[in-house]
Amino acid sequence: MSDTLAASSLDFTLDSISGVPVPLSQYKGKVVLIVNVASECGLTPQYADLQQVYTDLQERGLVVLGFPANEFGSQEPGTNSEIQTFCTSRFGVTFPMFAKIVVKGEGQHPLYQFLTDKSTNPDFGGDIEWNFAKFLINRKGEIAGRIPANVAPTTPEVLAQIEALLAE
């Protein structure tokens, strides 16, 4: 079921990984990289790449938002507390992390319904293919790109997309 009140991917409020409600509207005016993440995936080393991009570009207006999900191979079995400890101790993650959500299938969170629905996102909609699928949101809160799970955020192509949005 789609959240009919949402006009933007930033019109949702989700719990942070520590349980505090966070209105995504606080990120309007920034370039946002939304990523579904997992701790036991072959792509888990992308946490380091995400942190690097965030560290390098946050002062220019980039924010990375991590959403743990367990839909793919049960590769995020931990509790929110365990996930937070893993991310900070193993990868030094300082970008905002959120409570575990469902990104595909039954119980899909309204944010991911919005991101993947072809009616709200005709250019980049479609099911999440795996852990570490990425959506780029421009400063107006519009979905401006989608990066496949297996493409690291530090690749020249992705950095060029982010740079173009930061320049807008």
Side-chain angles (χ1 to χ4, degrees), residues 6-14 16-17 22-39 41-69 72 75-76 83-84 86-99 101 103-104 109-168:
S8 160
S9 53
L10 302 181
D11 287 343
F12 297 91
T13 297
L14 291 93
S16 72
I17 201 155
V22 176
L24 298 187
S25 60
Q26 75 182 24
Y27 302 114
K28 283 186 180 164
K30 294 188 179 287
V31 173
V32 181
L33 186 62
I34 293 176
V35 188
N36 62 299
V37 296
S39 301
C41 176
L43 300 176
T44 298
Q46 282 193 32
Y47 268 124
D49 297 328
L50 292 165
Q51 181 60 42
Q52 185 63 53
V53 169
Y54 178 65
T55 299
D56 292 348
L57 299 174
Q58 68 178 328
E59 288 189 13
R60 294 184 44 215
L62 176 74
V63 65
V64 174
L65 305 180
F67 294 92
F72 306 101
Q75 294 178 345
E76 188 51 272
I83 295 165
Q84 185 173 27
F86 173 82
C87 292
T88 54
S89 67
R90 182 106 185 264
F91 295 101
V93 167
T94 61
F95 56 82
M97 289 286 294
F98 289 81
I101 63 171
V103 299
K104 179 181 179 179
H109 190 280
L111 169 63
Y112 271 82
Q113 289 175 357
F114 185 89
L115 291 170
T116 60
D117 189 316
K118 286 284 194 181
S119 67
T120 55
N121 185 7
D123 294 332
F124 307 108
D127 283 345
I128 300 297
E129 73 275 18
W130 200 252
N131 303 308
F132 293 90
K134 302 156 204 71
F135 289 90
L136 268 170
I137 312 300
N138 68 18
R139 292 182 188 273
K140 298 176 195 167
E142 301 162 336
I143 302 166
R146 183 167 177 172
I147 301 148
N150 63 347
V151 177
T154 52
T155 63
E157 305 80 45
V158 174
L159 290 174
Q161 287 181 330
I162 293 170
E163 289 286 350
L165 293 174
L166 288 171
E168 287 181 3

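The residues of the chain are indexed from 1 along the displayed sequence. What's counted below: heavy atoms across the whole structure, side chains too, no hydrogens, waters or symmetry copies. In this text, all values refer to a predicted model and were calculated from it rather than measured experimentally.
The two residues S8 and G141 have their closest heavy-atom pair at OG-O, 3.0 Å. Contact between T154 and L159 at its shortest, heavy atoms only, is O-CD1, 3.4 Å. The nearest pair of heavy atoms linking L166 to R139 is O-NH2, 3.0 Å.
The backbone N or O of P153 sits nowhere less than 3.5 Å from a side-chain atom of D49 that would complete a donor-acceptor pair. Judged purely by atom type and a 3.5 angstrom limit, T44 uses its side chain to pair as donor or acceptor with the backbone of A38. Looking only at distances, no side-chain donor or acceptor of K140 sits under 3.5 Å from a matching main-chain atom of G29. When atom types are taken as modelled, the side chain of N36 and the backbone of A133 share a donor-acceptor pair closer than 3.5 angstrom. Side chain of R146 to backbone of G126: a donor-acceptor contact under 3.5 angstrom is found.
Between the side chains of Q84 and T88, not a single donor N or O lies within less than 3.5 Å of an accepting N or O. In this model, a donor atom of one side chain and an acceptor atom of the other lie less than 3.5 Å apart for Q46 and K134.
A salt bridge between K104 and E129 is absent, with no side-chain N of the basic residue lying under 4.0 Å from a carboxylate O of the acidic one.
Contact check for L24 versus S9: no side-chain heavy atoms found under the 4.5 Å cut-off. Side-chain contact between K28 and D11: present, with at least one pair of heavy atoms (C-beta onward) separated by less than 4.5 Å.
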### Message
Assess the residue pair L136 and F124 against the criterion (side-chain contact (heavy atoms from CB on, under 4.5 Å)); give the C-alpha distance rounded to whole Å, side-chain angles, the decisive distance to 0.1 Å, and a yes or no.
### Response
CA-CA 10 Å; L136 268 170; F124 307 108; over 6 Å; no

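Between F135 and Y112, the ring planes are perpendicular. Angles over 60° get that label, and only those under 30° would be called parallel.
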